[in-house]
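A short worksheet on the structure shown next.
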Amino acid sequence: MKAQSIDHFGVILEKAEWLSIIQKVEVDTLPFVLPPNEKTNDDNSESGKFIINDPAGNLIEFKFYKKSPLIMVS
């Protein structure tokens, strides 16, 4: 499937805030346009995102990025 550009507004949050908003969306039974998904990247960092509509139908994307601590090898 080919990637498509969409008009949207987005925010980048800390992971704890991101998870908190997911809980609020689920409690209010708001539908997800793109359900929450998390992944571990090749560098062992984490990221996640989900998309919902605001009351006017605009798309809002919520993301988090968490870098892994660097491991020093002597």
Given the rule that I, L, V, M, F, W and Y join up when any side-chain heavy atoms are under 4.5 Å apart, are Val25 and Phe9 in one cluster? yes
Heavy atoms, side chains only, cut-off 4.5 Å: are Leu59 and Asn53 in contact? yes
Tell me whether the rings of Phe62 and Phe50 are parallel (<30°), tilted (30 to 60°) or perpendicular (>60°). parallel
Side-chain heavy atoms under 4.5 angstrom apart, residues restricted to Ile, Leu, Val, Met, Phe, Trp, Tyr: same cluster for Ile51 and Ile21? no
With the 4.5 Å side-chain cut-off for hydrophobic clustering, are Phe32 and Leu34 part of the same group? no
Considering all heavy atoms of both residues, which atom of Glu38 and which atom of Phe64 are nearest to each other, and what is their separation? OE1-CZ, 3.8 Å
Quick check for you: to the nearest 0.5 Å, what is the distance between Ile12 atom CD1 and Lys49 atom NZ? 11.5 Å
Donor-acceptor contact present, side-chain Asn41 to main-chain Asp43, <3.5 Å: no
What do you reckon, is CD of Glu26 surrounded by more than 12 foreign heavy atoms closer than 6.0 Å? yes
So how far is it from Asn58 CG to His8 NE2, rounded to the nearest 0.5 Å? 11.5 Å
What about Tyr65 and Val11, same hydrophobic cluster or not, with Ile/Leu/Val/Met/Phe/Trp/Tyr joined at side-chain heavy-atom distances under 4.5 Å? no
From NZ (Lys15) to OG (Ser47), nearest 0.5 Å: 10.0 Å
Check whether any side-chain N or O of Asp54 sits under 3.5 Å from a backbone N or O of Ala56 as a donor-acceptor pair, and report yes or no. yes
Between Trp18 and Pro36, what is the shortest heavy-atom contact and its length? CH2-CB, 4.2 Å
